[in-house]
Participant: 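Quick one: the structure is below, questions incoming.
Order of the sequence lines fixes the chain letters, A, B, ..., with proteins taken first and strands second; residue numbering starts at 1 for each chain. The model shown is predicted, which means the values in this text are computed figures rather than measured ones.
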Amino acid sequence: MKKLFRAAAVAAAAALALSACGGVGAASDPANVSPTGEIKPREISWLLSRPADGAVINIMKKLADDYAKDHPGFALNLITTPDRPSYIQKLETLAAANKLPELFDTDATPFAQQLAKQGKMVDAEKLLKSLDVYDDYRPGALDYQRFDDGSLYMIPFQFELEFIWYNKALLEKAGVTVPKSLDDLPAMCTALRSAGITPIAIDGQDQWPLERYVAYQPFRAAGPEFVQKLKKGEATFTDPAGQKTVKWMAELGKAKCFQDGFSAQGYSDAQNQFTSGQAAMYNIGTWELPSLATDKLNSEVRDDIDFFTLPTTDGSVTSANEFVSPSGIGMAVNSKTYDPLVSDFLKFALAKYPAEYAATGALSPTTTVQTTVPANATPLYKKALETADTLGAKQAMPWDTQLDPTTNGRLQQELVLLVQGNITPEQFTSTMDNTIKQNAPKFFK
Amino acid sequence: MLPNRSRTSVLVFLLPPLLLYCAAVLFPILQSLFLSFFSWNGISDMEFVGLDNYVRMLTADDIFWRSFFNALLYLAICLVLQLGGALVVASLLTSLRRGRELIKTLYLLPAVISTVAIAFLFVRIYSIDPVGLLNQLLHWIGLGTFERAWLSDVNTVLAAVSAPEAGGSPGCTCSSSTPR
């Protein structure tokens with residue numbers, strides 16, 4: 001028996017030692033975007049984080065089927081995990097095991113940048129240029145996917161604009177107008193509250209919606225560079241732009257801008273509050289056009305709904321036509337498995353995708369196609385689409401794609417506490433500055 | 001140790017489960033222990049840092065201690081509700097003369113509802129906007145001052161989360177402590 005245990009212990013130690021060496025594997029040249037050789041059809045996989053019955057997946061499935069007709073043996077295996085935190089965990093585990101599939105979704109996160117630096121992703125700028133479609137893309141759609149150094153490793157499949165939707169009747173009832181400045185928002189909330197109206201409906205469960213708000217003031221006061229410096233520890237929440245957003249978030253909380261108990265309410269709860277006429281404002285992107293700007297919208301509020309874009313502030317360094325305009329999670333191409341087949345399929349799919357996507361009533365990441373306005377749309381639909389044509393050059397990046405994972409998680413928790421009044425702006429500032437100081441150097445060295 | 005059994009038969013019966021246990025439980029635990037001495041995010045180079053991670057966890061990480069004490073409190077709430085509640089219900093059940101089996105079955109039913117469904121249910125029950133069951137009840141019996149967003153209030157959220165978790169299982173505990 002003793003011998004047996006000794007043998008088991010030795011085996012375990014050997015296995016541990018082996019597993020420790022399995023981290024980094026060889027990658028092929030990420031800059032070689034036109035692999036030569038024969039196209040050998042096989043099944044390839046795309047690990048994604050998009051709605052299972054959404055337009056992107058449906059279209060890519062159809063395009064893969066079309067491609068398979070000429071290339072028997074080809075199949076595109078789509079594995080989607082729409083819940084983002086679970087997806088990120090899956091992606092990071094597969095990356096650690098060096099088992100990423102041919103195609104995988106990721107935002108331009110610090111983690112993705114490390115993968116790119118290790119040569120595990122194909123250079124998307126070179127890839128798109130070699131397919132002769134690079135110039136078709138909206139510059140903003142590509143910029144959203146870029147890392148801070150300007151390099152591009154992900155391909156966008158969407159283009160969205162984020163607006164603050166509002167209910168004209170409720171604003172009128174409270175005697176307030178559309179805010180001219182971000183700084184008007186707290187007073188506006190107080191007025192709405194005294195008229196018995198919930199000012200803003202927010203999905204607190206998913207945390208990113210509240211994290212949008214913390215990005216607004218710094219984007220106006222210091223431009224998109226603020227978060228780029230903040231995440232590396234080169235700027236802090238103690239800086240003027242940082243203090244402005246911390247105080248503003250606390251004021252939003254004090255003015256009870258968000259519905260009571262917002263942190264326990266989900267995506268559809270928030271949307272229902274707005275579409276049922278209980279909440280006056282709702283911050284969401286054009287992906288919700290089908291439910292907010294068509295006859296699917298509750299007829300009682302349909303004529304009262306409008307939207308405004310992110311207000312500016314006094315001394316704002318960004319303009320009114322610059323706000324959050326994400327091109328969604330991007331698709332990265334694994335350089336290890338990149339071969340003539342993957343290259344040929346992407347060439348086929350990326351050429352046909354924009355027209356199919358625009359036909360669903362969504363904004364294509366390219367400028368080559370015209371979006372079809374659905375037959376049941378309200379006039380707001382067209383107005384929203386047209387806003388895309390007048391965008392400025394800068395865009396506000398969602399902070400959850402920018403910060404290192406630990407800092408991001410802590411920020412999401414502390415923000416709720418700050419807005420609920422459980423911690424003071426000073427406590428928030430020192431906690432967050434410490435967290436960044438501790439975690440940023442590891443990620444951005 | 002087992003006078004009437006041969007060594008071989010002991011090995012034949014014990015070895016397969018032991019190996020399975022080693023592969024599925026023991027090995028991952030040892031591996032985590034091994035990894036805890038490194039600074040590594042899965043794709044970066046592994047850097048040996050000795051006990052640094054532990055030092056930071058125990059001395060510099062306020063989140064660790066908060067979650068540690070939250071876990072203790074959670075355990076306390078669950079134990080009291082599960083064991084205490086179950087004993088009370090069990091003794092009530094023994095005093096029943098008729099319909100005991102029926103009541104027992106009814107009482108056990110919630111235990112078979114999946115955790116996800118229970119979570120969704122209680123999010124609604126605790127809700128304040130729109131007003132959920134709990135806040136409405138408080139309002140009806142004149143305790144309107146106690147109405148709150150149970151899951152958003154940092155003072156109540158831990159108890160609010162523990163209660164349904166513990167509440168599901170007295171069913172199991174109590175049915176086993178009821179004389180049949």
Side-chain angles (χ1 to χ4, degrees), chain A residues 1 4-5 8-9 11-13 15-17 19-21 23-24 91-98 110-112 114-115 117-118 120 198 201 204-205 258-266 269 272-273 276 278-279 404-406 409-410 413 416-417 420-423 431 434-435 438 442-443 445, chain B residues 1 7 10-11 14-15 18-19 21-23 26-35 37-49 52 56 60-63 66-67 119-120 122-132 134-135 147-157 160-161:
Chain A
M1 215 56 184
L4 185 72
F5 279 119
L16 285 176
S19 69
C21 318
V24 186
L91 177 77
E92 291 182 355
T93 311
L94 284 170
N98 216 0
F111 186 83
Q114 283 193 342
L115 282 178
K117 269 189 194 151
Q118 294 174 356
K120 292 187 177 170
T198 305
Q205 258 175 22
F258 306 109
Q259 78 269 32
D260 297 332
F262 69 89
S263 63
Q265 299 213 339
D269 298 322
N272 288 342
Q273 288 218 326
S276 62
Q278 292 170 53
D404 71 82
T406 317
R410 191 71 197 256
Q413 291 172 4
V416 173
L417 297 178
Q420 289 187 165
N422 298 118
I423 54 171
T431 307
N434 276 334
T435 309
Q438 219 162 45
K442 262 188 284 174
F443 251 96
K445 61 185 171 193
Chain B
M1 44 188 180
R7 276 176 69 89
V10 170
L11 278 183
L14 278 189
L15 215 49
L18 190 70
L19 283 178
Y21 175 81
C22 284
L26 205 60
F27 177 68
I29 291 179
L30 287 174
Q31 197 181 25
S32 311
L33 188 73
F34 177 76
L35 288 175
F37 299 116
F38 289 84
S39 169
W40 187 49
N41 71 1
I43 57 167
S44 60
D45 293 330
M46 287 174 81
E47 184 195 344
F48 184 76
V49 293
D52 275 9
R56 195 174 128 199
D61 192 348
D62 53 324
I63 291 265
R66 198 187 305 161
S67 34
F120 272 105
F122 272 86
V123 165
R124 300 282 166 228
I125 290 177
Y126 286 133
S127 169
I128 179 125
D129 189 3
V131 179
L134 183 58
N135 286 317
E147 280 180 62
R148 64 189 67 235
W150 296 91
L151 291 175
S152 296
D153 189 325
V154 287
N155 299 311
T156 58
V157 61
V161 170

Participant: In the structure I gave you, are the side-chain heavy atoms of B:S44 and A:K117 within less than 4.5 Å of one another anywhere?
Facilitator: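 They are not in contact (no side-chain heavy atoms under 4.5 Å apart), so the answer is no.
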Participant: Please flag which part of B:R148 lies under 4.5 Å from any non-hydrogen atom of chain A: side chain, backbone, both or neither.
Facilitator: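 Answer is neither: B:R148 stays 4.5 Å or more from chain A.
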Participant: Do you know which two heavy atoms are closest between A:F111 and A:F443, and how far apart they sit?
Facilitator: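 Smallest heavy-atom distance, with atoms named: N-CE2, 3.9 Å.
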Participant: Keeping the roles fixed (side chain from B:N135, backbone from B:S127), state whether a donor-acceptor pair exists under 3.5 Å.
Facilitator: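 Looks like yes, one N/O pair under 3.5 Å.
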Participant: As an exercise: rank A:T198, A:D269, A:N434, A:L417 by heavy-atom pairs under 4.5 Å with chain B and give me the winner.
Facilitator: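 Maximum pair count with chain B is reached by A:D269.
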Participant: Sort B:N155 into side chain, backbone, both or neither according to what part of it lies under 4.5 angstrom from a heavy atom of chain A.
Facilitator: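 Interface part for B:N155: neither.
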Participant: If we only count heavy atoms from C-beta on, is the B:F122 to B:L151 side-chain gap below 4.5 Å?
Facilitator: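 No; the side chains remain at least 4.5 Å from each other.
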Participant: Side chain from CB out, backbone as N, CA, C, O: work out which of these in A:D260 comes under 4.5 Å of a heavy atom of chain B, or both, or neither.
Facilitator: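 Interface part for A:D260: both.
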Participant: So which residue, B:D153, B:V157, B:I63, ends up with the most heavy-atom pairs under 4.5 Å with chain A?
Facilitator: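 Among B:D153, B:V157, B:I63, the one with the most close pairs to chain A is B:I63.
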Participant: If you count heavy-atom pairs under 4.5 Å with chain B, which of A:R410, A:Q420, A:Q413 comes out on top?
Facilitator: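 So the answer, after comparing A:R410, A:Q420, A:Q413, is A:R410.
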Participant: Just by modelled atom types, is the A:G204 backbone N or O under 3.5 Å from a matching donor or acceptor in the A:S263 side chain?
Facilitator: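 No; zero donor-acceptor contacts below 3.5 Å.
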Participant: Pick whichever of B:I128, B:L19, B:L26 has the most heavy-atom pairs under 4.5 Å with chain A.
Facilitator: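 Result: the option with the highest number of such pairs is B:I128.
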Participant: Taking A:Q259 for its side chain and A:A279 for its backbone only, find out whether a donor-acceptor pair lies under 3.5 Å.
Facilitator: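 The answer is no, because no donor-acceptor pair under 3.5 Å joins these two groups.
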Participant: Under a 4.5 Å heavy-atom cutoff, which of A:K442, A:Q273, A:Q278 has the most pairs with chain B?
Facilitator: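 So the answer, after comparing A:K442, A:Q273, A:Q278, is A:Q273.
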Participant: Parallel, tilted or perpendicular for B:F48 and B:F38, by the 30°/60° rule?
Facilitator: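 The arrangement is perpendicular - the two ring planes meet at more than 60°.
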Participant: Where on A:F262 is there a heavy atom nearer than 4.5 Å to chain B: the side chain, the backbone, both, or neither?
Facilitator: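 The answer is the backbone of A:F262.
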